[in-house]
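Below is one structure, written out as structure tokens; comments come after it.
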Amino acid sequence: MEDQPVLVPMLGALLRAPVRAISARIAADLAAAGYGDLRPAHLAVFQHLPAAGARSTALAERAQMTKQSMGALIDYLAERGYVERVPEPTDQRARVVCRTARGWAVERAARESLERLEGEWGAYLGADRMREFRAALTDLGTLLNR
């Protein structure tokens with residue numbers, strides 16, 4: 001058998017590990033803060049939900065999932081008081097998903113968790129590299145969201 005070449009990890013694989021670490025950390029911290037009924041899948045709703053709210057179809061599109069899957073996540077969160085569906089101001093027939101006070105509390109807790117994790121990563125990488133990492137990701141986000 002010939003020697004196999006060493007495969008350098010592809011960019012997707014390099015990005016996957018930090019994303020999984022972020023998701024797992026936030027889920028664990030939320031559970032410790034009393035939100036044990038939330039799973040990483042539910043975070044997709046919060047991650048893509050603007051402050052003013054959004055229609056479930058827009059959330060599904062942003063999260064790259066089916067409307068049915070997003071609807072099930074929203075139903076679960078609404079039943080537990082994290083979000084609510086309210087009439088859209090410009091079209092009373094349509095509904096907008098908005099955070100409740102409990103949903104905003106989860107948002108704050110998740111952001112605090114992420115700040116702590118970023119601090120740990122910054123301590124490991126060094127402040128300059130962490131700033132560059134964040135800037136590069138921000139720039140890529142700008143490019144990809146045009």
Side-chain angles (χ1 to χ4, degrees), residues 7-146:
L7 298 176
V8 175
M10 298 174 111
L11 187 57
L14 293 172
L15 290 170
R16 191 174 304 112
V19 168
R20 284 185 177 164
I22 289 168
S23 180
R25 177 63 165 279
I26 291 174
D29 287 352
L30 288 176
Y35 304 106
D37 55 344
L38 296 178
R39 300 288 174 260
H42 300 120
L43 301 181
V45 176
F46 293 106
Q47 180 182 8
H48 297 287
L49 185 59
R55 289 185 180 191
S56 60
T57 53
L59 291 172
E61 186 176 311
R62 289 180 193 139
Q64 297 182 331
M65 64 175 54
T66 66
K67 291 182 282 187
Q68 294 82 0
S69 294
M70 179 56 74
L73 293 173
I74 293 168
D75 287 344
Y76 180 92
L77 294 173
E79 289 167 7
R80 286 153 183 82
Y82 293 105
V83 299
E84 61 185 346
R85 291 179 175 98
V86 299
E88 186 176 274
T90 60
D91 181 356
Q92 293 296 306
R93 297 169 297 163
R95 297 281 181 241
V96 175
V97 178
C98 295
R99 289 172 187 84
T100 62
R102 184 171 167 84
W104 281 111
V106 165
E107 181 76 24
R108 285 188 298 277
R111 287 179 179 275
E112 289 168 6
S113 172
L114 189 52
E115 284 177 23
R116 288 190 300 273
L117 182 61
E118 283 189 39
E120 292 169 17
W121 289 2
Y124 177 78
L125 295 173
D128 290 342
R129 287 181 70 202
M130 189 66 189
R131 244 187 325 278
E132 291 169 7
F133 178 60
R134 185 172 250 294
L137 291 174
T138 300
D139 290 347
L140 282 172
T142 299
L143 171 70
L144 298 172
N145 290 320
R146 286 197 234 180

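For reference, positions follow the sequence shown, starting with 1.
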- request: Answer yes or no: is there an ion pair linking E107 with R111, defined by an N-O contact shorter than 4.0 Å?
  value: yes
query: Backbone N or O of S56 within a donor-acceptor pair of the R95 side chain at under 3.5 Å?
result: no
field: Validation row: L38, Y82 side chains within 4.5 angstrom (heavy atoms)
entry: yes
- request: Would you mind reporting whether H48 and M70 have side-chain heavy atoms less than 4.5 Å apart?
  value: no
- line: Between the CG atom in D128 and the CE atom in M130, the distance rounded to the nearest 0.5 Å is 12.5 Å
message: How long is the straight-line distance from CD of E79 back to CD1 of I74, given to the nearest 0.5 Å?
response: 12.0 Å
task: Output the distance between atom CG (L59) and atom NZ (K67), rounded to the nearest 0.5 Å.
output: 13.0 Å
message: Using only atom types and a distance under 3.5 Å, with no angle test, would you say the side chain of R99 pairs donor to acceptor with the backbone of P50?
response: yes
message: Is it the case that atom CZ in R134 sees more than 12 heavy atoms from other parts of the structure closer than 6.0 Å?
response: no
query: When you look at CD of Q92, are more than 12 heavy atoms from neighbouring residues, nucleotides or ligands closer to it than 6.0 Å?
result: yes
query: Once the angle between the rings of H42 and Y76 is folded into 0 to 90°, is it parallel (under 30°), tilted (30 to 60°) or perpendicular (over 60°)?
result: parallel
- request: Indicate yes or no: at least one non-hydrogen side-chain atom of L43 is less than 4.5 angstrom from one of L30.
  value: yes
query: Within the distance-only criterion (no hydrogens, no angle test), does the side chain of R55 pair as donor or acceptor with the backbone N or O of E88 below 3.5 angstrom?
result: no
Pairwise distance CG(L144) to CG(D139) - rounded to 0.5 angstrom: 10.5 Å
- request: Report the distance from atom CZ of R129 to atom OH of Y124, rounding to the nearest 0.5 Å.
  value: 8.0 Å
query: Which heavy atom in Y35 sits nearest to a heavy atom in A109, and how many Å separate them?
result: CE1-CB, 4.4 Å
query: What's the shortest heavy-atom distance between A78 and R85, and which atoms?
result: CB-NH1, 4.4 Å
- prompt: A41 and L73: which non-hydrogen atoms are nearest, and at how many Å?
  reply: O-CD1, 3.6 Å
query: When rounded to the nearest 0.5 angstrom, what distance separates OG1 in T100 from CZ in R102?
result: 7.5 Å
task: Please report the closest heavy-atom contact between D29 and S113, naming both atoms and the distance.
output: OD2-OG, 2.6 Å
Atom of V96, atom of A52 and distance for their closest heavy-atom approach: CG1-O, 4.1 Å
query: Considering all heavy atoms of both residues, which atom of I26 and which atom of A110 are nearest to each other, and what is their separation?
result: CG2-CB, 3.8 Å
